[in-house]
Amino acid sequence: MNETFPQAIDTQRRVLWALCLREIHGKHGKTKLGYLWEIIKTGFGLAVFWAIRALARAQTPSGLPMPVFLLMGFTSWYIFSEIISKTMVAVSSNRALLTFPQIFPLDLILASAIVSWVTEVVIMGIFLGLFQAMGYHFQCIDPVTLLAELLGVGFFGLGCGLVLASLNSYLRVIEKLVPMVLRILFFASGVFFSPSQMAPGFGNILMWNPVLNFIELARGTFLYHTPSSDIKILFIACLTVSLMAFGLLLERYTRSRLSLL
């Protein structure tokens with residue numbers, strides 16, 4: 001029986017909700033630490049680079065407390081990298097679910113991206129509360145922009161993930177190359193530094209990295225002035241929309257191949 005549009009939307013909502021619950025349980029539900037591991041992962045990264053900057057006596061260029069400065073970098077980076085990593089294997093890891101007629105490869109990819117995004121945002125909130133309790137003074141003066149940044153970097157990661165997952169159905173080597181590229185990109189994305197601390201020419205080159213722009217935008221929501229006047233908002237917005245559109249088209253074109261991964 002053909003569904004009406006509202007019925008189709010409701011079915012899609014219930015499918016995504018069920019897949020998200022399955023993803024939540026499957027991600028860390030079988031380990032003793034569970035989702036505590038995600039907090040430990042972020043905390044370890046913060047501690048390591050906080051210690052390095054403390055030993056080097058490096059200060060944040062805009063007076064933002066160091067833990068908040070690093071947290072905004074790690075949160076945006078983890079949203080981007082986790083969504084890419086999870087969406088690339090979402091279909092192959094859950095291929096058995098495609099036997100249900102209501103479930104398509106795109107549903108598996110979206111559910112994986114949603115769970116990754118929500119996880120990192122919740123962890124960010126936990127650490128912000130912890131830093132407040134530790135006596136650090138900061139205030140998000142532009143929560144709307146912060147939410148837009150978090151959504152933006154999520155959609156950017158999803159767009160990249162859709163493109164890479166589709167291409168991976170033809171060139172399986174992409175699945176092995178992406179982690180190596182992400183490791184290199186980590187050190188060029190301003191996770192633990194600001195481009196304003198670099199030499200002017202080098203800093204301007206780094207600002208063409210979309211992830212760095214997202215990170216600097218997030219840090220700017222905790223300041224009364226943006227940390228960098230070179231943030232390319234129009235560039236990252238157009239790039240994100242283009243990647244999402246191209247990724248969705250590729251997914252639709254390669255859907256049958258994705259189902260066979």
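Counting only heavy atoms from C-beta outward, the side chains of Phe222 and Pro65 never approach each other to under 4.5 Å. For the pair Phe156/Ile236, no side-chain contact is recorded, criterion being any heavy-atom separation below 4.5 Å from C-beta on. Residues Phe80 and Leu185 meet the side-chain proximity criterion, which asks for heavy atoms closer than 4.5 Å. With contacts defined as side-chain heavy-atom distances shorter than 4.5 Å, the pair Val153/Ile83 does not qualify. Within the 4.5 Å cutoff, the side chain of Trp77 has no heavy atoms near those of the Phe214 side chain. The side-chain heavy atoms of Cys160 and Leu243, taken from C-beta on, include a pair separated by under 4.5 Å. Here the side chains of Val115 and Lys86 are not in contact, with every heavy-atom distance at 4.5 Å or above. For the pair Leu110 and Leu19, the minimum side-chain heavy-atom distance is 4.5 Å or more.
Results of the side-chain hydrogen bond (donor to acceptor under 3.5 Å, both in side chains) test with Ser76 over Glu149, Glu216, Arg219 single out Glu149 as the only residue that passes.
Between the CZ atom in Arg53 and the CG atom in Leu55 there is a gap of 12.0 Å [rounded to 0.5 Å]. Annotation: the span from Leu162 atom CG to Leu250 atom CG amounts to 8.5 Å, rounded to 0.5 Å. In this structure, CD1 in Ile126 is found 4.0 Å from CD1 in Ile39, a value given to the nearest 0.5 Å. The line from CZ of Phe49 to CZ of Phe74 is 5.0 Å long, rounded to the nearest 0.5 Å. Note: Glu251 CD to Phe104 CZ = 9.5 Å, rounded to the nearest 0.5 Å. One distance of note links NZ of Lys232 with CG of Asn213; it measures 6.0 Å at 0.5 Å rounding.
No more than 12 heavy atoms of other residues, nucleotides or ligands lie within 6.0 Å of CZ in Phe155, so this atom counts as exposed by the packing criterion.
Salt-bridge check for Lys41 with Glu120: passed, with a basic side-chain N closer than 4.0 Å to an acidic carboxylate O.
At a threshold of 4.5 Å between side-chain heavy atoms, the hydrophobic network of Ile, Leu, Val, Met, Phe, Trp and Tyr places Ile40 and Met134 in one connected group.
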